[in-house]
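None of these values were measured; they are calculated from a predicted model. Computed over heavy atoms, backbone and side chain alike; hydrogens, waters and symmetry mates excluded.
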Amino acid sequence: MKKLFTTLSNIWKIQELKERILFTLLILLVYRFVSHVVLPGVDATALGNNEKSGLLGLLDMFAGGSFSRVSILALGVMPYISASIVVQLLGIAVPSFQKMQKEGESGRKKMNQITRYLTVAITIVQSVGYVKTQVPAEAILLPNTLFLVLSTFVLTAGTLFVMWLGEKITDKGIGNGTSLIIMVGIIARLPVAISQEFSARVGSSSEGGGPVALVLEIVALFAVVMFTILIVQGVRKVPVQYAKKIVGNRQFGGVRQYIPLKVNAAGVMPIIFAQALMFIPGAIMQFVPSLQGSWLIQFSNTTSLAYSLTFAFLIIAFTFFYTAITVNPTQMSDDMKKNGGFIPGIKPGLATSTFIDDVISKITFPGAVFLAIIAILPSIAVKFGIKQEFAHFFGGTSLLILVGVVLDTLQQIESYLLMRHYDGLMKTGRVTGRTGVPAASSNAAL
């Protein structure tokens with residue numbers, strides 16, 4: 001405990017770090033305040049209980065409840081995330097984008113600009129769909145056409161505003177601006193979830209179990225968080241030896257480093273892709289009412305065995321797919337060869353590429369299985385009588401994002417402490433983010 005207070009005191013002594021933390025907190029406070037502003041032309045009292053479930057519930061969680069409140073920030077940063085994913089995939093498949101990726105800082109600026117333009121286009125399309133499908137007709141106070149045009153402009157401006165806030169946190173705050181905004185939106189739902197679970201166990205509307213059941217749930221949640229940290233942090237270290245060069249009386253190279261291959265290199269993307277596919281049966285039943293009593297109904301119940309098994313299978317498949325398109329063993333082998341590096345016992349070139357690909361294949365399967373287990377844990381928690389709102393924090397996308405962003409933020413703070421010659425946040429070792437590399441050289445992204 002003494003070391004904790006000493007570390008907090010050291011953080012406050014570093015003027016730049018203190019200013020960055022305060023700036024970040026201020027921006028997040030502004031975001032939470034604006035997220036409660038309702039769209040112009042909407043009667044907030046007529047919204048009633050506008051809670052969302054399924055994929056829309058996931059979007060509402062990422063937006064911190066703005067989606068269900070019909071806020072001017074209802075779409076949040078999700079259009080920006082979607083645009084970033086599209087640009088990332090284009091960088092893998094399209095030669096012109098691959099060329100921009102290799103141009104360094106200038107190429108990065110071009111891709112960022114393309115991402116912003118694509119964000120505007122995606123936001124406009126999503127804004128029209130949101131207004132037409134998610135805003136109750138009885139809550140609209142303006143003529144439909146006027147309200148649609150006005151809301152499209154406001155929602156697009158709201159998304160761009162959130163994107164700007166995220167960039168400000170990245171530039172002048174403690175980094176990972178977009179990730180922090182999503183994390184704050186998720187955490188904003190936690191007090192309500194805990195309150196509902198407390199009332200269900202020991203409150204006036206108790207459904208049984210008592211304090212013992214509540215304590216067991218908290219212990220189980222702690223164990224799940226620890227398990228998730230292990231998956232996020234897990235790496236397979238492949239040693240790399242660099243050749244020695246003697247120039248005059250000085251020696252260059254000859255050092256031994258390692259390539260940290262992630263057990264879960266795909267992050268949360270397989271869960272997001274799989275979740276999107278799992279809502280197809282429900283959409284089919286809405287368009288074809290005659291199928292509502294068929295076997296498809298099993299895939300609309302998130303707690304059913306068929307849903308969980310199918311969901312887990314899709315996550316495993318998407319984990320292999322996303323890892324295959326984002327991790328390039330051939331490029332890694334070429335980069336090592338150019339820099340005079342080699343894996344001990346493995347010939348440079350094709351043999352190195354084959355070896356890395358084999359290692360990735362071996363560690364991806366257990367990582368995919370563990371990721372699938374984390375994804376279906378909320379459904380298992382509901383089966384044990386835990387409220388749906390609180391069960392969301394037992395796994396899935398929300399827990400992975402929370403753990404990843406917290407690790408990245410601690411990593412940023414520790415890098416400032418170590419640069420000022422203070423002790424880090426841990427007694428032994430150093431905090432590593434989702435990239436699995438030392439804090440001072442990591443630049444993790446969502």
Side-chain angles (χ1 to χ4, degrees), residues 52-62 78 81-86 88-90 92-93 122 126 182 186 224 227-228 230-232 234 261-288 291-292 294-327 357 360-383 388 391-404 434 446:
K52 307 298 180 183
S53 60
L55 182 60
L56 297 181
L58 181 66
L59 295 175
D60 191 33
M61 176 176 287
F62 286 165
M78 293 314 296
I81 297 297
S82 301
S84 300
I85 294 172
V86 171
Q88 183 181 6
L89 294 176
L90 289 174
I92 298 170
I122 292 175
Q126 291 186 354
I182 294 176
I186 295 173
V224 170
F227 176 72
T228 306
L230 289 176
I231 300 303
V232 172
L261 298 177
K262 297 288 294 178
V263 173
N264 177 30
V268 300
M269 297 311 301
I271 298 181
I272 294 175
F273 289 151
Q275 224 155 18
L277 287 183
M278 290 305 297
F279 286 102
I280 292 178
I284 293 175
M285 287 189 292
Q286 284 185 351
F287 286 105
V288 187
L291 296 176
Q292 290 186 0
S294 66
W295 56 272
L296 287 175
I297 198 170
Q298 299 180 53
F299 298 98
S300 297
N301 181 10
T302 57
T303 60
S304 69
L305 180 61
Y307 181 95
S308 297
L309 291 178
T310 306
F311 190 34
F313 173 78
L314 288 174
I315 289 171
I316 293 173
F318 275 121
T319 300
F320 276 96
F321 170 75
Y322 198 78
T323 302
I325 65 175
T326 55
V327 182
D357 185 62
I360 292 173
S361 299
K362 288 179 179 178
I363 65 176
T364 298
F365 180 72
V369 172
F370 291 143
L371 187 64
I373 292 173
I374 292 173
I376 64 175
L377 277 178
S379 300
I380 298 174
V382 172
K383 285 287 188 181
Q388 184 78 43
H392 279 304
F393 293 92
F394 276 80
T397 314
S398 56
L399 182 60
L400 285 168
I401 290 176
L402 286 176
V403 169
R434 284 168 287 184
L446 178 67

> What I'd like to find out is whether the side chain of Leu314 reaches to under 4.5 Å of the side chain of Phe273, using heavy atoms alone.
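They are not in side-chain contact.
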> Is the shortest heavy-atom distance from the side chain of Phe394 to the side chain of Ile380 under 4.5 Å?
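Counting from C-beta outward, Phe394 and Ile380 never come under 4.5 Å.
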> Identify the two heavy atoms, one from Ile315 and one from Ala375, that lie closest to each other, and give their separation to 0.1 Å.
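Taking every non-hydrogen atom into account, CD1-CB, 3.2 Å.
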> Over all heavy atoms of both residues, which pair between Val382 and Ala391 is shortest? Give the atoms and the distance, please.
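Heavy atoms of Val382 and Ala391 come nearest at CG2-CB, 3.7 Å.
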> Once you round to the nearest 0.5 Å, how far does CD1 of Ile81 lie from CD1 of Ile182?
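Result: 4.5 Å between the selected atoms.
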> Check whether any side-chain heavy atom of Val369 sits under 4.5 Å from a side-chain heavy atom of Phe365, and report yes or no.
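They are in contact (side-chain heavy atoms under 4.5 Å apart), so the answer is yes.
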> Return the set of residues passing salt bridge (Lys or Arg N to Asp or Glu O under 4.0 Å) with Lys383 (not counting sequence neighbours), or none when no residue passes.
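Per chain and number, Lys383 pairs via salt bridge (Lys or Arg N to Asp or Glu O under 4.0 Å) with no residue.
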> Is there side-chain contact between Leu277 and Thr310, with at least one heavy-atom pair below 4.5 Å?
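Contact flag for Leu277/Thr310 side chains = no.
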> On a heavy-atom basis, which atom in Ser308 and which in Ile376 lie closest, and how many Å separate them?
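Smallest interatomic distance, heavy atoms only, reads O-CG2, 3.8 Å.
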> Going from CD1 on Ile374 to CG on Leu399, what distance comes out if it is rounded to the nearest 0.5 angstrom?
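Rounded to the nearest 0.5 Å, the CD1-CG separation comes to 7.0 Å.
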> I'd like to check Thr364 versus Val327 (side-chain heavy atoms, cut-off strictly below 4.5 Å). Are they in contact?
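Not touching, per the 4.5 Å side-chain cut-off.
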> Below 4.5 Å, heavy atoms only, C-beta onward: do Ile271 and Phe311 meet side chain to side chain?
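Result yes, sub-4.5 Å side-chain heavy-atom pair found.
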> Please list, chain by chain and in numerical order, all residues satisfying ring-ring contact (aromatic ring centres under 6.0 Å, His included) with Phe227, sequence neighbours excluded.
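Result, ring-ring contact (aromatic ring centres under 6.0 Å, His included) vs Phe227: Phe370.
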> Quick check against the 3.5 Å criterion: does Lys262 have a side-chain atom that pairs as donor or acceptor with the backbone of Ile231?
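Not at all, since once roles are kept as given, no pair shorter than 3.5 Å links the two residues.
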> Can you measure from OG1 (Thr319) to CG (Asn264) and round to the nearest 0.5 angstrom?
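Separation between the atoms: 6.5 Å.
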> At their closest point, which heavy atom of Ala372 faces which heavy atom of Ile316, and how far apart are they?
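It is CB-CG1, 4.2 Å.
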> If you round to the nearest 0.5 Å, how far is CE of Met78 from CD1 of Ile85?
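So the CD1 of Ile85 and the CE of Met78 are separated by 7.0 Å.
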> Taking all non-hydrogen atoms of both residues, which atom of Gln126 and which atom of Ser82 are closest, and how far apart?
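Heavy atoms of Gln126 and Ser82 come nearest at NE2-OG, 4.5 Å.
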